[in-house]
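The block underneath contains the structure these notes are about, expressed in structure tokens.
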Amino acid sequence: MRANVLKEVNKIGLEERPVPKAGPGEAVIKVTLTTICGTDIHIMKGEYPVKHGQIIGHEPIGVIHELGDGVADYELGERVAVNAITPCGHCEYCLSSTLAQCGGFLGGWKMGNTIDGSQADYVKIPNAAANLARIPDELTDEDVLLTTDIFSTGLSGAESADIKVGDTVAVFGQGPIGLSATAGAKLKGASLIIGVDSVASRMTMSQNMGADVVINFKESDPVKEIMDLTGGRGVDVAIEGIGLQETFSNCVKSTRVGGTISSLGVYPAELTHIGIPNQEFGFGIADKKIVSTLCPGGKERMRRLMDLVKNDKVNLKQLITHRFSLDEIEEAYELFASQGDGVIKVDIQP
Ligand SMILES: [Zn+2]
Ligand SMILES: [Zn+2]
């Protein structure tokens, strides 16, 4: 089969690999659609460590090709979506509702991280009984593609912040994750949602996903604008959707006392440099909360996310701006990494 492999830092590309075999509790799916994540770009650049020679990618849609021993209640050929996070469902972390940290430190994220990933013709799914999510017949692969990671992640940023009906929310960064957080804030009942970005296509999409106001940080100071929009109080919740020192600091600065900073970005730099602004952090005693979240996974999460799509509570397909075949994956990485041509998310079709 064809598989996209991390060859070395800044070098990815297709290689011929054997089709994986399903062991006990595992399944192999034939991938019909996948995509590239911002995290894959961090991996390619060597900012997040993944071993060279591994197949990358963690967002598969496909049909069941093989079921390992002990995976009951599924049939070959069924259409399934699998989240980037594939928890076991029975360890102490899973049973404590921290599915993403299954087995310990970032342990729920296996595909394209610690085992071969989904940018390939076939992918092996661990803990298949907990992770194969049937796709409702009325939904296309494209309709649900982004439930496999970014929508689950973005929405979880709103959930972890415990957004209450009527809260004011600012989302820094309107890339795929930030846009999903914006949609999450709307679903959670925020009264005012402020998106922050500078790219025209993302600012427009921000409004489509639920932002009431979109601030261009290149034209004005977003912290000042947010303070003005909230009567000098600051927002109840600020969500960081990129993974930069500046946006994290701006989240602290624009959150009201007693408010919550919800961090979704993957930080490529040491967090000692992240810069928590002391005065706006109230010298440590302003009752501000900082929460961080990795994408919740598992098939029950996926069922809920796909139901939101099915019942028109969110339109994720509109974030897919470009379409590529698996053979064109290097070109797709180049476009996605450069953020050129108004790209938000790309389809990769094996
Ligand atoms: Zn991802
Ligand atoms: Zn577990």
Side-chain angles (χ1 to χ4, degrees), residues 4 6 12 25-26 31 33-45 47-50 54-61 81-120 123 125-132 144-157 173 175-181 184 240-243 263-268 292-302 305 316 319-320 329 332-333 336-337 339 343-348:
N4 185 41
L6 175 68
I12 56 106
E26 298 173 337
V31 180
L33 197 65
T34 187
T35 181
I36 303 171
C37 181
T39 306
D40 295 326
I41 304 301
H42 288 302
I43 289 171
M44 183 178 73
K45 291 180 176 171
E47 294 165 347
Y48 180 89
V50 162
Q54 186 166 278
I55 304 170
I56 51 178
H58 50 257
E59 298 160 290
I61 304 289
V82 180
N83 193 273
I85 302 300
T86 49
C88 74
H90 53 74
C91 72
E92 67 179 271
Y93 297 90
C94 286
L95 294 173
S96 307
S97 300
T98 47
L99 297 171
Q101 311 300 330
C102 169
F105 181 71
L106 308 183
W109 176 29
K110 301 175 174 78
M111 269 188 293
N113 180 23
T114 53
I115 63 171
D116 278 334
S118 62
Q119 288 165 3
V123 62
I125 308 300
N127 310 306
N131 289 294
L132 297 175
V144 297
L145 176 63
L146 304 186
T147 60
T148 60
D149 183 359
I150 64 150
F151 180 56
S152 186
T153 301
L155 174 59
S156 74
I177 294 286
L179 288 166
S180 296
E240 204 288 337
I242 307 175
S263 176
L264 287 174
V266 176
Y267 298 89
S292 71
T293 316
L294 172 60
C295 176
K299 69 179 179 186
E300 171 57 10
R301 172 75 170 177
M302 291 297 288
L305 300 179
L316 303 176
L319 302 186
I320 298 166
I329 196 151
Y333 264 78
F336 188 66
Q339 295 183 12
V343 65
I344 297 179
K345 282 293 270 191
V346 302
D347 270 2
I348 302 291

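Start at 1 and go down the list; that is how both ligands and their atoms are numbered. Remember, it's a predicted structure, so these values are computed and weren't measured experimentally.
Between the side chains of Asp149 and His58, at least one donor-acceptor pair of N or O atoms lies under 3.5 Å.
Protein atoms that are N, O or S and lie under 2.8 Å from the Zn ion (ligand 2) are these: Cys88 SG, Cys91 SG, Cys94 SG, Cys102 SG.
At a cut-off of 2.8 Å, Glu59 does not coordinate the Zn ion (ligand 1) through any N, O or S atom. The Zn ion (ligand 1) lies under 2.8 Å from an N, O or S atom belonging to Cys37.
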Thr39 vs Trp109, side-chain contact (heavy atoms from CB on, under 4.5 Å): CA-CA, chis, key distance, verdict:
CA-CA 12 Å; Thr39 306; Trp109 176 29; 3.5 Å; yes
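The side-chain heavy atoms of Phe336 and Ile348, taken from C-beta on, include no pair separated by under 4.5 Å. When side chains are defined from C-beta on, Leu99 does not count as touching Glu300, because their heavy atoms never get closer than 4.5 Å.
Its N, O or S atom nearest to the Zn ion (ligand 1) is what matters here, and for Asp149 that atom is OD2.
Although no hydrogens or angles enter the test, the distance criterion places no donor-acceptor pair under 3.5 Å between the side chain of Asp116 and the main chain of Val123. Looking only at distances, no side-chain donor or acceptor of Ser292 sits under 3.5 Å from a matching main-chain atom of Ser263.
Annotation: side-chain contact (heavy atoms from CB on, under 4.5 Å) contacts of Pro296 (sequence neighbours excluded): Ser152, Ser156, Arg301.
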